[in-house]
Amino acid sequence: SSMTELVEEIFFEEQRIAKTINLSSITVKLPAENAVCPGVYYYIFKELAWDNINIAEVISTTNEFTVVISDEDIHLAFTILMEAKRQAGI
């Protein structure tokens, strides 16, 4: 929200099709073996979906990913991800 004015100024001549506000992100670092282990993202996203956490955006690399979600869901999402980490033994 601190950058809203600047972003709107930079993209002044562009046609906006949507605007989403009040978002937060969580970045999860994954072990190196993640690259050869199918289903890792499925397991994580399934856990969030079961608790009705809507993911606005996902940014990923080989060994980490970031989920962007609503501010109001950030605490629950963090709790879910920490519990998934404990269950996976990471």
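Both backbone and side-chain heavy atoms feed into the values below; hydrogens, waters and symmetry mates do not.
By the salt bridge (charged side-chain N to carboxylate O under 4.0 Å, His left out) test, Glu83 is found to be paired with Arg86, residues two or more places apart in sequence or in another chain being considered. Residues satisfying the side-chain hydrogen bond (donor to acceptor under 3.5 Å, both in side chains) test with Tyr41, not counting sequence neighbours, are none. In this structure, the side-chain contact (heavy atoms from CB on, under 4.5 Å) partners of Thr27, at least two apart in sequence or on a different chain, are Glu64, Thr66.
Taken to the nearest 0.5 Å, the CE atom of Met3 stands 7.0 Å off from the CD1 atom of Ile10. We find the CG-OG distance between Asn54 and Ser70 to be 8.5 Å, quoted to the nearest 0.5 Å. Considering CD1 of Ile80 and CG of Asp73, their distance stands at 8.5 Å, rounded to 0.5 Å.
None of Ile74, Val67, Leu81, Ile69 except one satisfies the side chain to side chain contact (heavy atoms under 4.5 Å, CB included) rule with Ile53; the exception is Ile69.
Considering only heavy atoms from C-beta on, Val68 stays 4.5 Å or farther from Ile55 through its side chain. Side-chain atoms of Phe65 and Phe45, non-hydrogen and from C-beta on, do get closer than 4.5 Å to each other. Residues Lys19 and Thr4 are in side-chain contact: their nearest non-hydrogen atoms beyond the backbone lie under 4.5 Å apart.
Hydrophobic cluster membership is shared by Leu30 and Val58, with clusters built from Ile, Leu, Val, Met, Phe, Trp and Tyr side chains linked at under 4.5 angstrom. Leu48 and Tyr42 fall into different hydrophobic clusters, where Ile, Leu, Val, Met, Phe, Trp and Tyr residues are linked whenever their side-chain heavy atoms come under 4.5 Å apart, directly or through other members. Note on Phe78: it clusters hydrophobically with Val28, by side-chain heavy-atom contacts below 4.5 Å among ILVMFWY residues.
For Leu6, the CG atom counts as densely surrounded, since its 6.0 Å shell holds more than 12 non-hydrogen atoms of other residues, nucleotides or ligands.
No hydrogens or angles considered: a donor-acceptor pair under 3.5 Å links the side chains of Tyr43 and Gln87.
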